[in-house]
Amino acid sequence: MKRKLVLTGAFIGMLAIILGAFGAHLLKKYLSVDQLNTFEVGVRYQMYHALFLLFLATQKDFAEKTLKTIYNFIVAGVVLFSGSIYLVATKDYTLFYSKIIVFATPIGGFLLIIGWALLFFTILKRKS
């Protein structure tokens with residue numbers, strides 16, 4: 001599981017860098033300032049959660065089931081939250097945009113919150 005956490009964190013982080021550069025250099029010509037700011041929020045949250053997964057991999061006392069559960073919430077949250085933000089920001093140029101996408105953002109955000117909450121309560125329950 002630790003390997004999976006590190007690999008996924010590294011991949012999500014790498015993808016955040018690529019998308020950030022794409023937004024800063026290529027999309028700048030096509031998107032409004034508000035759209036670029038929206039796109040950047042997706043990149044920022046994606047990177048935060050890449051680092052979260054790398055941190056999670058350093059935890060030695062977590063049960064495998066706990067790691068898997070947190071991992072699943074975070075990955076699903078990143079896909080839904082950041083992915084939907086990218087689609088909303090580029091809706092004028094993407095074929096995949098649908099009004100239903102806007103519902104994915106809060107669902108993804110909620111999944112991220114659950115992942116953080118699980119981390120919090122797992123650490124809180126640990127004996128010092």
Query raised in the report: side chain to side chain donor-acceptor pair (under 3.5 Å) between Y86 and Q46: does it pass, once the steps are laid out?
Result: CA-CA 11 Å; Y86 299 142; Q46 183 173 331; 2.6 Å; yes
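- With contacts defined as side-chain heavy-atom distances shorter than 4.5 Å, the pair D61/R126 qualifies.
- Rounded to the nearest 0.5 Å, atoms CD1 (I123) and CG (L118) are 11.0 Å apart.
- Between the Q35 side chain and the S32 main chain, a donor and an acceptor come within less than 3.5 Å of each other.
- Closest approach of L111 to A76, counting heavy atoms only: CD1-CB, 3.8 Å.
- Note that NZ of K68 is 9.0 Å distant from CG of N72, once rounded to the nearest 0.5 Å.
- With a 4.5 Å cut-off on side-chain heavy atoms, W116 and I113 do not count as touching.
- The aromatic rings of F81 and Y45 lie tilted to each other, with the angle between the two planes from 30° to 60°.
- Residues V102 and I107 fall into different hydrophobic clusters, defined by Ile, Leu, Val, Met, Phe, Trp and Tyr side chains chained together at heavy-atom separations under 4.5 Å.
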**Report entry** Pair I74-L53, side chain to side chain contact (heavy atoms under 4.5 Å, CB included): steps then yes or no
**Finding:** CA-CA 8 Å; I74 295 300; L53 292 174; 3.9 Å; yes
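- Exactly one of T90, D92, T38, N37 qualifies for a side chain to side chain contact (heavy atoms under 4.5 Å, CB included) with L31. That residue is T90.
- The CG atom of L26 lies 11.0 Å from the CG atom of L19; values are rounded to the nearest 0.5 Å.
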Report task. Take I85 and F39 through the side chain to side chain contact (heavy atoms under 4.5 Å, CB included) test and state the conclusion after the steps. Result -> CA-CA 6 Å; I85 285 180; F39 192 88; 5.7 Å; no
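- Note: the hydrophobic cluster containing V41 does not contain L87 (ILVMFWY, side chain heavy atoms under 4.5 Å, direct or indirect links).
- Under a hydrophobic clustering in which Ile, Leu, Val, Met, Phe, Trp and Tyr are joined whenever their side-chain heavy atoms come within less than 4.5 Å, directly or via other members, I18 and L27 fall into the same cluster.
- Looking only at distances, a side-chain donor or acceptor of Y93 sits under 3.5 Å from a matching main-chain atom of Y30.
- Counted within 6.0 Å of NZ on K28, heavy atoms from surrounding residues, nucleotides or ligands total 12 or fewer; the atom is thus considered open.
- Once rounded to the nearest 0.5 Å, the distance linking CD of Q59 with OG1 of T66 reads 11.5 Å.
- When all heavy atoms are compared, the tightest approach of A16 to V43 is O-CG1, 3.4 Å.
- Note: L67 CG to L5 CG = 6.0 Å, rounded to the nearest 0.5 Å.
- Looking at T58 and K2, their side chains never come closer than 4.5 Å, going by heavy atoms from C-beta outward.
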Report task. Check the pair F62, L56 against side chain to side chain contact (heavy atoms under 4.5 Å, CB included), reporting the backbone distance first and the verdict last. Result -> CA-CA 9 Å; F62 284 27; L56 196 58; 3.8 Å; yes
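- Of all the heavy atoms in A57 and V6, the pair that sits closest is CB-CG2, 3.6 Å.
- Nearest heavy atoms, A50 versus I12: CB-CG2, 3.8 Å.
- Between F55 and F52, the distance separating the two ring centers is not shorter than 6.0 angstrom.
- Note that the CD atom of E40 and the CE atom of M47 stand 12.0 Å from one another [nearest 0.5 Å].
- By the neighbour-count criterion of 12 heavy atoms within 6.0 Å, atom OH of Y71 is densely surrounded, having more than that number from other residues, nucleotides or ligands.
- Linking ILVMFWY residues whenever their side-chain heavy atoms come closer than 4.5 Å, directly or via other members, places L36 and L15 in the same cluster.
- A single hydrophobic cluster is not seen to contain both I114 and F120; linkage of ILVMFWY side chains at heavy-atom distances under 4.5 Å, directly or through other members, places them apart.
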